[in-house]
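First comes the structure, then the notes that go with it.
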There are 2 protein chains.
Amino acid sequence: MGRMPTVDDVASAANVSRQTVSNVLNSPEIVRESTRERVQEAIDRLGYRPHASARRLRTRTSSTIGLRLDPLRDGISGAVLDRFVHKLAEQADARGLRVMIFTANGAEDELSHIKRLRDGSDIDAFVLIATFHGDPRISWLIEHEVPFVSFGRPWGSTTDDHRHRWVDVDGRAGVRDTVQHLRASGAQRVGYIGWPSPSGTGDERRAGWEEASGFDTADLERYQVVTLDGVDEGVRSARQLLAMDAAPDAIVCASDSLALGARMAADAAGHLDLPVVGFDNTPVAAAVGLSSIDQPLDEVVASALTLLFGPEGGIVRPNPDSNEEPTHRLLVPRLVERRSGHRALGEITGA
Amino acid sequence: MGRMPTVDDVASAANVSRQTVSNVLNSPEIVRESTRERVQEAIDRLGYRPHASARRLRTRTSSTIGLRLDPLRDGISGAVLDRFVHKLAEQADARGLRVMIFTANGAEDELSHIKRLRDGSDIDAFVLIATFHGDPRISWLIEHEVPFVSFGRPWGSTTDDHRHRWVDVDGRAGVRDTVQHLRASGAQRVGYIGWPSPSGTGDERRAGWEEASGFDTADLERYQVVTLDGVDEGVRSARQLLAMDAAPDAIVCASDSLALGARMAADAAGHLDLPVVGFDNTPVAAAVGLSSIDQPLDEVVASALTLLFGPEGGIVRPNPDSNEEPTHRLLVPRLVERRSGHRALGEITGA
DNA sequence: GTTCGCATTTTGATCGATCAAATTATTCGG
DNA sequence: CCGAATAATTTGATCGATCAAAATGCGAAC
């Protein structure tokens, strides 16, 4: 394999100067059409491709997004982030951006990675996932004016800092709509299985249930179970709810793991028609025919990139100035119903 | 944020020349100890980090691995590749390598991405996953002497081409060992649920079952079901097997999706103790307590990197010369048993 | 005390592109 | 047909590092 052609090679092949070749690539509108065609023809004929590192050295931008992969989760819910990663790669590509991934043990470790990648001019902007209360990454990035966007709203103090661009899914609205839908479909008492507080996302989802459940304070206590995530936990919690005097006739869960357990417990207890709804619409939910609240990841990713780079561009925008455009987006998830009309898990296990 | 320090800044701070600073970073052994310390101190004090693009421009290497993410799978099994991606990022990091991801629609599209990334000197080496029979990527990469390694053996003609470095998991041995183990534990007739031929991995797994099953030709036909992947398909296939006259008393499946379906069908039919084994040991298998054959992904990734870069280095090695060292590794998966002693799916649904 | 050899450090050139400014070509009004 | 204004193109410098080769220092041998 011979040496790769450079701008100079193309330039002499097309009888123009380097800069003109560069202009054809980067600002074609300022080059006369006849010249542009001639240069383009030379580019195609020689198979020229700009050397990414040389360009980056000069322009001081890398057109690369950094993304930290979270520690592997044993649960089912990890799949959401995998889908997110995939879609980010897809859409970044469409904008001519590259995605570089890395892993880290904890926020501190991640910060050192971020510094290294940032200082090496390897990466222009970062995408953060799984933000949490008092996240040190966020304050550091703001402090050092590193462009970033997070999937997950800022929990805590920096909520209204316009320098923090974020996208999130309104779990509260998603659960609220779902509960309303269930009640409109005839459910009298919608129970809830969720995670212990404080948990940013978990608390929001619970709040959605509380708003739409129609329960008084006492019943709000009775009709919810607080538990860690997991299938076993879902089984136990659902059993507990179904053993009540006026047992719930529908159950909403904070995750698909919990919902899967709840579904199994409900089926085992003979409640084949009891609606059970999970969250995240993971492959598992689809595989076993479980209703679930789906996060619109396409929109999440599109919004994240728009906040970072603007509607079209592929160039990093400076940190947003105070009160121009919104620096965040809150998207509404939608319920994917799978139970009615679909072969039910219960039809199988009970067959 | 002021301008980042460069080698020259460090050099004048430590009263040495640029090159000495460069040497401290890249060949510390040739710098006198006292000088090295002085320079190092200046590096630390100024917070200097080498500019990655500048270095790459000069050295013509990027220390970056390209990885294409497969199209999203709706099934449960996609999780294996996610774990692979994660572990690759982890181990690459430990070697000072970066991982860049991209997506593509089909092998042709992927090739054009590969060309672009390669020609832009963005990427030194590629990692391919999900290889298939007559994979055009492989021949192109070999042809153009682009370093690469695949997770997945070459199916078909190029099997013994030493220029193709690959790592794979010996599904045949994994299934064979599992079947032997089941028979040693008392199973008389081990059934098999797998995918239609031709399927590289699928055929290997079936072969493992055939070798260890102890069946004659006729029974080999009777005790296996051929079906596409999916939970529903697993349910149907298991029902079919369990309805036989001398029904199997253990079932091995080509995937966790199938196994989950089979488990559910077996439980529903009252065979709570019937061993069902899946493949891939996905989070779902762990969540519902399903036995599964686990791919040693840590070793897979470690082997892949070793084949590409050598035991320690972070520099791309030239394409392997003919018959020096092995250019592939075949790893043996191991069975993770979850049924015995573990709370069974049956205990719940049957409770 | 010179000289040779080795260890250590410095200097000049270069990687491939873009920026900023200078230069040349073209258009248009009068 | 000329000169100014604008369009198009070219030239010189530069981004930050490493390579290759030259220069310097230093101890041992003669």
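Source: prediction; values computed, not measured. Labels below follow one simple rule: chain letters A, B, ... track the order of the sequence lines, proteins then strands, and each chain is numbered from 1.
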Interatomic distance, [X] [atom1] vs [N] [atom2] [rounded to whole Å]:
| X | N | atom1 | atom2 | value |
| --- | --- | --- | --- | --- |
| Q19(A) | dG12(D) | CD | C1' | 11 Å |
| I30(A) | dT26(C) | CD1 | C1' | 16 Å |
| D122(A) | dG16(D) | CG | P | 15 Å |
| I43(B) | dA17(D) | CD1 | P | 10 Å |
| D8(B) | dT11(C) | CG | C1' | 12 Å |
| R38(A) | dA8(D) | CZ | C1' | 12 Å |

- line: CD1 (I114(A)) and CZ (R68(A)) are apart, to the nearest 0.5 Å, by 8.5 Å
Donor-acceptor contact below 3.5 Å, side chain [X] vs main chain [Y]:
| X | Y | answer |
| --- | --- | --- |
| D124(B) | S63(B) | yes |
| R38(A) | A14(A) | yes |
| Q91(B) | A302(B) | yes |

Options [options], nucleotide nearest the side-chain atoms of [X]:
| X | options | result |
| --- | --- | --- |
| H51(B) | dA20(C), dA17(D), dA17(C) | dA17(D) |
| A54(A) | dC19(C), dC15(C), dA17(C) | dA17(C) |
| R55(A) | dA17(C), dA20(D), dA17(D) | dA17(C) |

Taking 4.0 Å as the cut-off, does a side-chain nitrogen or oxygen of [X] come that near to OP1 or OP2 on [N]?
| X | N | answer |
| --- | --- | --- |
| S53(B) | dA17(D) | no |
| N23(B) | dT9(C) | no |
| R60(A) | dC15(D) | no |
| S17(A) | dT10(D) | yes |
| T20(A) | dT9(D) | no |
| S22(A) | dA17(C) | no |

- prompt: Is a donor-acceptor contact shorter than 3.5 angstrom present between the side chain of R58(A) and the base of dT14(D)?
  reply: yes
message: Under 3.5 Å, is there any donor-acceptor pair linking the side chain of R18(B) to the base of dT11(C)?
response: no
message: For N15(A) and L57(B), find the nucleotide of DNA chain D closest to each by heavy atoms; which residue's nucleotide sits nearer the 5' end?
response: N15(A)
task: Map R32(B) and P50(B) onto DNA chain D by nearest heavy atom, then report which one ends up closer to the 5' terminus.
output: P50(B)
query: Contact class for R49(B) (heavy atom, under 4.0 Å): base, sugar-phosphate, or nothing?
result: sugar-phosphate
- prompt: Hey, does N26(A) reach any base, or is it just sugar-phosphate, or nothing, if we go heavy atoms under 4.0 Å?
  reply: sugar-phosphate
message: Before you tell me yes or no, could you show the steps for R56(B) and D122(A) under salt bridge (Lys or Arg N to Asp or Glu O under 4.0 Å), namely the whole-Å CA-CA distance, both residues' side-chain angles and the distance that decides it to 0.1 Å?
response: CA-CA 11 Å; R56(B) 293 205 271 251; D122(A) 256 329; 2.8 Å; yes
message: Working note: H86(A) + R83(A), criterion side-chain hydrogen bond (donor to acceptor under 3.5 Å, both in side chains); need CA distance, chi angles, decisive distance, verdict.
response: CA-CA 5 Å; H86(A) 199 282; R83(A) 280 168 58 211; over 6 Å; no
